[in-house]
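Taking it in order: structure first as structure tokens, then the write-up.
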Amino acid sequence: MNRMRIGDLTERAGVTQRTVRYYESIGLLPSGEREGNGHHYYTEEAVARLRKIDQLKKLGLSLEEIRDVIELYFTDTSGVLPKRKVLGILRQHLADTNQKLEALGQFRSDLLSHIERFEQWLEANDRD
């Protein structure tokens with residue numbers, strides 16, 4: 001199996017060494033194989049995993065949500081299970097967004113009402 005050091009991994013995946021270490025610490029990326037000289041070595045799967053993490057982040061998934069689905073991409077060769085799980089997450093994001101938009105619309109309406117009330121009061125009481 002073709003192995004690479006962290007510098008090669010980060011260059012190929014387009015991330016920093018700090019990102020790799022962080023992803024290892026939170027369980028998104030398995031730690032590289034350590035050899036006697038203290039260096040970690042990574043495989044092509046690590047590159048694929050980092051690229052998949054980036055794709056999922058671009059879809060709007062949090063790192064916690066990615067942690068819940070990332071393994072499925074590497075165990076379910078059909079791709080059906082991970083896509084179903086991501087679809088569920090995206091639907092929940094849409095529902096949350098719709099709720100926030102509704103609340104924001106109400107807030108906007110309330111602001112307009114307050115502004116109108118203040119303007120009317122000032123107009124009626126303005127003695128300049």
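Positions are given from 1 along the sequence. Below, each value reflects all heavy atoms present in this structure, side chains not excepted, and no hydrogens, waters or symmetry copies.
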Check side chain to side chain donor-acceptor pair (under 3.5 Å) between E116 and all other residues, then give those that pass, not counting sequence neighbours. Q120
Got a sec, which residues hit side chain to side chain donor-acceptor pair (under 3.5 Å) with D96, two or more places apart in sequence or on another chain?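 Applying side chain to side chain donor-acceptor pair (under 3.5 Å) to D96 gives Q92.
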Heavy-atom donor-acceptor pair, E33 side chain to H40 backbone, under 3.5 Å: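 No; zero donor-acceptor contacts below 3.5 Å.
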Under the side chain to side chain contact (heavy atoms under 4.5 Å, CB included) test, which residues partner T19, sequence neighbours left out? V15, T16, Y23
Close side-chain approach of [X] to [Y], heavy-atom, < 4.5 Å:
X	Y	answer
L59	I89	no
I66	K52	no
L29	Y22	no
Y41	R5	yes
L56	Y73	yes
V47	L9	yes

Common cluster, L50/I26, ILVMFWY with side-chain heavy-atom separation under 4.5 Å: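 Yes, it is one cluster - the side chains of L50 and I26 are joined through contacts under 4.5 Å.
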Are L72 and L61 connected, step by step, through hydrophobic side chains (Ile, Leu, Val, Met, Phe, Trp, Tyr) whose heavy atoms are closer than 4.5 Å? no
Distance-only donor-acceptor pairs under 3.5 Å for side chains of residues 98-108, two or more places apart:
unit_1, atom_1, unit_2, atom_2, d
N98, ND2, L94, O, 3.4
Q106, NE2, D110, OD1, 2.9

Pairwise salt bridge (charged side-chain N to carboxylate O under 4.0 Å, His left out) hits with a residue in residues 6-21, at least two apart: R12-E44
Filter on salt bridge (charged side-chain N to carboxylate O under 4.0 Å, His left out), then keep only pairs touching residues 57-85, sequence neighbours left out; what's left? R49-E71, D54-K58
Minimum heavy-atom separation for G7 and T10, please, with both atom names. O-OG1, 2.9 Å
Under a single-linkage rule joining Ile, Leu, Val, Met, Phe, Trp and Tyr whose side-chain heavy atoms are separated by less than 4.5 Å, which residues share a cluster with L122?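 Answer for L122: W121.
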Output, in order, the C-alpha distance, side-chain angles, deciding distance and verdict of side-chain contact (heavy atoms from CB on, under 4.5 Å) for E45 and F74. CA-CA 9 Å; E45 184 178 313; F74 296 92; 3.9 Å; yes
With sequence neighbours left out, what residues match R51 under salt bridge (charged side-chain N to carboxylate O under 4.0 Å, His left out)? none
